Every structure is written in C-alpha cells, then in structure tokens.
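The structure appears right after this line, and notes come after that.
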Amino acid sequence: MNAERITEKLNILADAAKYDVSCASSGSKRKNDNKGLGNASNGICHSYTEDGRCVSLLKILLTNHCIFDCAYCVSRKNNDIKRAAFTVQEVVDLTINFYRRNYIEGLFLSSGIFKDADYTMERLVRVAKKLRIENNFNGYIHLKSIPGASDELMREAGLYADRLSVNLEMPTEAGLKLLAPEKNRQDMINPMNFLKNEIILRTEEKKLFKRAPLFAPAGQSTQVIIGATPESDQQVLQSASYFYKSFNLKRVYYSGYVPVLADKRLPDLNTSVPLVRENRLYQADWLMRFYGFHVNEIVNNQNPLLDLDIDPKLSWAIRNMQAFPVDINKADVQMILRVPGIGLLSAQKIVSARKFAKLSWEQLKKIGVALNRARYFIVCKSNEFERRDLTGNNIKQFILAESQSKYNKNTQTQLNLF
Amino acid sequence: MYTLVYDGTFEGLLTAVFEIYDRKLFHVKLIKGEWRTSAMFEEVLQVITDEHRANRVLKGLRKKLSAAGIQRLYIAHMAEMENEESAIVGFIRYVFDTDVNVEEDYGNKYVMRLSEILKMVRREKHRMEAFIRFQKLKDETYYAAIEPDFNVLPLIIRHFKNRYTDQKWIIYDIKRRYGIHYDLHDTQYITLDFSEVNKPADVISAFTEDEKIYQQLWKSYFTSVNIVARKNTRLHLRHIPKRYWRHLTEKI
Ligand code: SF4
C-alpha cells in the first residue's frame, strides 16, 4: 500500500464528503451470524469532531470528479480543486481496517458523478458487494444513490446496503432549478419510489420466508440543504412531512448551508452557517416523528418561521395556552408529551410512577422534568399557591430571562478563570 | 446503628440483606472492605458470604421483581460506586416491604437513586463500546487499554464478542489490572505483567507495520471531516470528556 497516496486521497475525499450530514448508523439489525466481522444495530458514535458532530461512519466520496455543476457543491465541475478517486479495493481496505480497530460502525459512501449515473452507481454497489461477500462484513453500509441510476442497480444496492439515500438537496423544485439546473427532481423521486415499493415487497417476503435476504433494513433517508435558497421553515417542514408520508422515509436530514463558493445565486461567502435554524428544524422534525405533532401545528400560514429564541414545542405551547394546564397525575400520555420540558423518557416515567402515588414537584424534578419550563403548563400534587394568570407572552419572557441569567453566570465563571 | 462489612461481591451483598432481616436490624450501614477487628469499636458485624443465604434472598427478589429488575440491580452493584450500598439495600428493603412490584415507582427515593446509578453506569458502558481503540499486535491480536470510572469491563464483553468474532482481541482495564482475552472461541479473564514491556521501544515493536499507517490515516480522516466554520468546543468536550483522550488514537 502506498501510504502517502492513500492519505492524500483520503484527505481530499473525506473533506469533500463532510457536508453531507446523513451519517447516523442506527436503525439496522444485521447480526454477525456468519462468524464474520461486525454487526449493525447499535448506532454508536465513535468520536466527535471539534464542531461536536458525531463520527460513526467512514464517510467518503468514491470520487470528487463530477460532470455536473451544482452551485452549492464543492465538487462541482467548474470549481478549481484537487481531484481524486479511490479504487473499489482501497475503500474496502480502509473500511475493514478502521472497523477492526473499532474506529467506526461502517461506511457511508457517496460520489461525484463520473461519466454517467449508472457507471458511478455500479462502482458504489461493487464496494458494498465486496465487503459483504468477500470480507464477511456485517457492519453498517449506507450508499448514497446517484439520481437517475437504473432500477436494477438500485435493487442490487438494497441487497448489500443497510440504508440508501437519495438527496433532495433543495427543499423545493424551484430551489433545485435555480442552483442545479442540470438536475431533475423526478430523477430523485423515481428511485425513492422504487425503493419504497421494493422495501414493502421485501418486508412481506421476509414475513413469509425467514431466510429471505435483508433489503435495506435501515430504510431510506434524504437530505435537504437549508439556507442556500429562500424557502421558509413552513415550506421545508411541509416538504419533509410529505416525503415521510409518501416514501416511508426513516429520516430527513437538514443541513445548514456552509458557504463554500462565490456565486451570485448563493448567500455571500461570509454568511454564517444557520446553526440555530438547523437545530430548530431537527427539533420540529422530532416533534412530528415522536411526539404526535402535525406539521401544521408547528408551522402554518400565521407562523411560517420557527422561533429562533425558543424551541418549537414551547413555541406551540404558548400559542395554545387553552390546552393547559395539564394535570400530570391524570392526563393522557399524548398530552403530557406536549408539555415543554418533558421528554419521551420523563413522560414514560411519569405514567409508570403515578400508578403508585400522586406526584409532586419534587418528584417530577427527580424524574428529570425541566421544571423551569414545565411548571407554567402543569398541575400536580402541591399545596403551594401558584400563579395561573400568566399569558403566553409573560411565560416566554420569564423563561428567556431565566435562561439568559444562567447563560450569563456561565460566561461569568469562564471569564473568572482567566 | 450497626455497620456491616461485606466482601464486595453480589453474593456478599445478598447475604448482608439476609442478615439484616434475620437479626431484625433497622439502622444499618453497609460497607465493603476487609474485616479488621482491631480498628472496630462500634457495633460492627462481619458478613460471611454464604451462597445458600444469598440464593434465598435472590429467590425472594425474583418473586417481586421482573428479570430486567434483577439485572438492573446486579449492574448497579457491578458499578462499584463508593458508598452506594445503602441505596441498593434501601431498594431491596423497599421491594420486600411492599406487596406489589415497585421497580417503576420513580417517586420513591431508592428506586430513583438506583435508576440514576444505572444511568451513569450505562453511559460509561456505552462510552467504552465507542471509545475503545484496538491496536494490532504482531501475533494478529487486537489490543486495547481502558481506564473507566466504573468497573464496566464485564458488561461490555458480550458486545465485543458479538462484534469481533473473527479476530483475537484483548481489552485491558489498567486501573483495575485485569482484562478480557478472546481467542476466536471463548473469552477469559486475564492479568498481564507489564513490568517487562514498560519500555516504549518494546511496545512499538509489538505492533504490526501497518498499525502505524492506519492510526495515521484515522487521524487525518478525523482532521479532514472537521468543519471549521462550525467549531463548538464546549459541545465537543461534553461528548468526549478529556479523561478519555489518553486512549483515543485521534486525540493523542
Ligand atoms: S451532482 Fe452531486 S457531486 Fe456533482 S456537483 Fe451536483 S451535488 Fe456535487
């Protein structure tokens, strides 16, 4: 092995892949029952970058050569950068050797498009096949499908990969037309549709025949870039909700646009990454998937943008004060889940614990409820006098003031250290 | 107030519970340690671990707790956290003194404390599964050193055994001076004598040649994936506390 050359390729092709955010490794259930290497089920983050993102997969491009010229992408044809391409075997060796040392959970392989969609997709599939068949590898494999790849290759990919993703890139068709005029939304939707149907079919098959092969057991996901085009949060989340429903997606990833290129269609190069907005979108997405919120409750024509200073659940609560206070000792779990400051785990603990005795403030705190937010929205076993005449706006101010002073205290102690 | 001294094993703990009920002791403190009569002047009892008695307590617990509940109790004990015996004993007494299964009564302070302990232990178990870094030795064995806060090595064996079935490996807890060795068939507890291999030159010569290359590749990968525009040191440190860095290839 030429260590120097591989290092150079790895630097180029990992650097180019880092803006893709779909790098989670959970949701599969591949067992190591062939006395081989690895399993995929846990979703472990093996490290964290200095920006605090999880590193769980070896996330690289097969190549950053590309025949397209999408404005938001570093690998675009007209960008003057160093180019490189891995061979199939090089990717296999890196994956296996990193996996054996417990650096990673598996591989996330994506690629620029050399020649055409099928030519590129065929190589991605070959990597996965080699890992599974020649190396008995059961770790996680996520392949990013190339838009426009044939059904036949998509089917083969599904046999070896745990997850497949087709990136929508832009939240709306208009956004895509603007920044990637050569790309066609239909080319992204076709493989999604094909995968959805294939996954349903294979799941049925699996019910009948236990030994039927796994097919993309972790399902499919997609990514949209936020802040490169002017869509509102309402447009973003409505399109996400549509894709969840129509294509059975497991995840939609929101990637705050990192300015990498000067282009008059794009935000200025020194625009900062919309980190808070990205975080709010994930919180909103979470509310849709796990907390039973309908997208219109979170964003609608009156509120097309997510609040940046408070999280979307709190934001919903202060717009809907008529739904509160919720009696912790009586309410349905669905309603308890809607209380700001109560998460999935605490809600479940509350419902278990209240079978034994009515819960008080003290106990709720121990259970893990964030009382600084929740206390405005609940009643529990208590003899103290409580104000119940606050408006949504009052509450927002109180909560903000409190988190503000906490924040100040933190910065204070930090300053004292120096 | 009685002080009970036990040997630190789970059986010992259960035997202590037996004694508490047998002698009707109400105010007790349980500590692990060696029995030294000379130092003791208050009312101190030595618990002599007794399998039969321990089993009777376990049987009683089985009637009142689910299998998962027993498992949680065992893990909490495994953690070897200082002075947490009273929480564990308090929990067991609450279980015995109540007619229904109380393991989800999170309003109770012992149930709550036990769940806090478990949370800490599970977090470290999970961190070990994530942060262990194997290095390949010349004989094809993959070696990793760890120094967890709690004694979680026994809890992670299954994870690594399921994952690395086709490679030999050793995970060694430097702090507690014992390790696990997997030889392609079974796992065994081992202790290593480091007195001879302490010289750095010996350690390096024990690794295969490509070990250094892959460590280097991993480090440069780690640097390449960082997005400078998103730097967030506080978040980074919350995810990887500094005390784990010594054994993280990408952080050395
Ligand atoms: S097709 Fe993909 S790799 Fe090529 S320029 Fe567009 S986004 Fe980048």
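The structure displayed is predicted, hence computed values, not measured ones. Only this structure's heavy atoms are used, side chains among them; waters, hydrogens and symmetry mates stay out.
The greatest number of non-hydrogen atom pairs below 4.5 Å with chain B, out of A/Lys355, A/Arg53, A/Lys31, is found for A/Arg53. The greatest number of non-hydrogen atom pairs below 4.5 Å with chain B, out of A/Arg354, A/Lys35, A/Glu50, A/Gln363, is found for A/Glu50. Contact tally against chain A (heavy-atom pairs below 4.5 Å) for B/Glu129, B/Arg238, B/Glu116, B/Lys136: the top residue is B/Glu129. In terms of heavy-atom pairs under 4.5 Å with chain B, the best-connected choice from A/Ala40, A/Ser47, A/Pro259 is A/Ser47. Chain B forms the most heavy-atom pairs under 4.5 Å with one residue out of A/Leu58, A/Leu359, A/Ile6, and that residue is A/Leu58. Counting heavy-atom pairs under 4.5 Å between each of A/Leu37, A/Leu94, A/Ile367 and chain B puts A/Leu37 at the top. The residue among B/Lys109, B/His126, B/Arg133 with the most heavy atom pairs within less than 4.5 Å of chain A is B/Arg133. Of the listed residues (A/Asn97, A/Thr7, A/Val258, A/Val273), the greatest number of heavy-atom pairs within a distance under 4.5 Å of chain B belongs to A/Asn97. Contacts with chain A were tallied for B/Val100, B/Ile240, B/Val111, B/Thr223; B/Ile240 has the most, counting heavy-atom pairs under 4.5 Å.
If you measure heavy-atom distances from B/Glu250 to chain A, the contacts under 4.5 Å come from the side chain alone. Proximity to chain A (any heavy atom under 4.5 Å) is shown, for B/Gln135, by neither the backbone nor the side chain. Looking at B/Ser115, only its side chain comes within 4.5 Å of chain A, counting heavy atoms on both sides. For chain B, the nearby parts of A/Tyr103 are the backbone and the side chain; heavy atoms of each come within less than 4.5 Å. Heavy-atom distances place no part of A/Leu364 under 4.5 Å from chain B, backbone and side chain included. A/Leu275 touches chain B through its side chain: at least one heavy atom from C-beta onward sits under 4.5 Å away, while N, CA, C and O do not. For chain A, the nearby parts of B/Val102 are the backbone and the side chain; heavy atoms of each come within less than 4.5 Å. The part of B/Thr249 that comes within reach of chain A is its side chain, from C-beta onward, which places non-hydrogen atoms under 4.5 angstrom from that chain. Within the 4.5 angstrom heavy-atom criterion, only backbone atoms of B/Leu184 (N, CA, C, O) approach chain A. With a 4.5 Å cut-off on non-hydrogen atoms, B/Gln215 touches chain A through its backbone and its side chain both. If you measure heavy-atom distances from B/Ile132 to chain A, the contacts under 4.5 Å come from both the backbone and the side chain. Of the atoms belonging to A/Glu278, it is side-chain heavy atoms, and not backbone ones, that fall under 4.5 Å from chain B. Residue B/Phe160 touches chain A through its side chain alone, counting heavy-atom pairs closer than 4.5 Å. Proximity to chain B (any heavy atom under 4.5 Å) is shown, for A/Asn34, by neither the backbone nor the side chain. At a 4.5 Å heavy-atom cutoff, A/Ile350 makes no contact with chain B through either its backbone or its side chain.
The ring pair (Phe, Tyr, Trp, His ring centres under 6.0 Å) analysis of residues 62-105 of chain B, with sequence neighbours excluded, yields the pairs B/Phe10-B/Tyr74, B/Phe10-B/His77, B/Tyr21-B/Phe96.
Taking both residues in full, the closest heavy atoms of B/Tyr164 and A/Arg101 are given as OH-C, 4.5 Å, listed atom of the first, atom of the second, then distance. Of all the heavy atoms in A/Ser352 and B/Glu104, the pair that sits closest is OG-OE1, 3.3 Å. The two residues B/Asp105 and A/Ala353 come nearest to each other via the heavy atoms OD1-O, 4.3 Å. What you find for A/Lys18 and B/Ser224 is that their closest heavy atoms are CD-O, 3.3 Å.
Judged by distance alone, the side chain of B/Tyr106 and the main-chain N or O of A/Lys366 form no donor-acceptor pair under 3.5 Å. Of the possible polar contacts, one joining the B/His236 side chain to the A/Thr49 backbone as a donor-acceptor pair under 3.5 Å is found. A/Asn102 contributes no side-chain N or O that, together with a main-chain N or O of B/Phe131, makes up a donor-acceptor pair within less than 3.5 Å.
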(message) side-chain contact (heavy atoms from CB on, under 4.5 Å) for B/Tyr221 and A/Val55? Distances and angles first, verdict last.
(response) CA-CA 10 Å; B/Tyr221 176 72; A/Val55 180; 4.1 Å; yes
(request) Report the C-alpha separation of B/Arg163 and A/Ile44 in whole Å, then their side-chain angles, then the decisive distance to 0.1 Å, and conclude whether the side-chain contact (heavy atoms from CB on, under 4.5 Å) test is met. (result) CA-CA 13 Å; B/Arg163 174 163 298 214; A/Ile44 297 176; 4.2 Å; yes
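With contacts defined as side-chain heavy-atom distances shorter than 4.5 Å, the pair B/Trp218/A/Ile104 qualifies. Side-chain contact between A/Asp93 and B/Tyr214 is present, with at least one heavy-atom pair separated by less than 4.5 Å. Side chains of B/Trp169 and A/Arg100 form no contact here, defined as non-hydrogen atoms less than 4.5 Å apart.
Atom CZ of B/Arg243 has more than 12 neighbouring heavy atoms from other residues, nucleotides or ligands inside a 6.0 Å radius. Counted within 6.0 Å of NZ on B/Lys168, heavy atoms from surrounding residues, nucleotides or ligands total more than 12; the atom is thus considered enclosed. Heavy atoms of other residues, nucleotides or ligands lying less than 6.0 angstrom from NZ of B/Lys219 number more than 12. Enclosure of atom CZ in B/Arg176 by more than 12 non-hydrogen atoms of other residues, nucleotides or ligands within 6.0 angstrom is indicated.
Just one of B/Thr165, B/Asp166, B/Asn162 meets the side-chain contact (heavy atoms from CB on, under 4.5 Å) condition when paired with A/Asn32; it is B/Thr165.
From B/Leu235, atom CG reaches atom OH of A/Tyr48 across 9.0 Å, with rounding to the nearest 0.5 Å.
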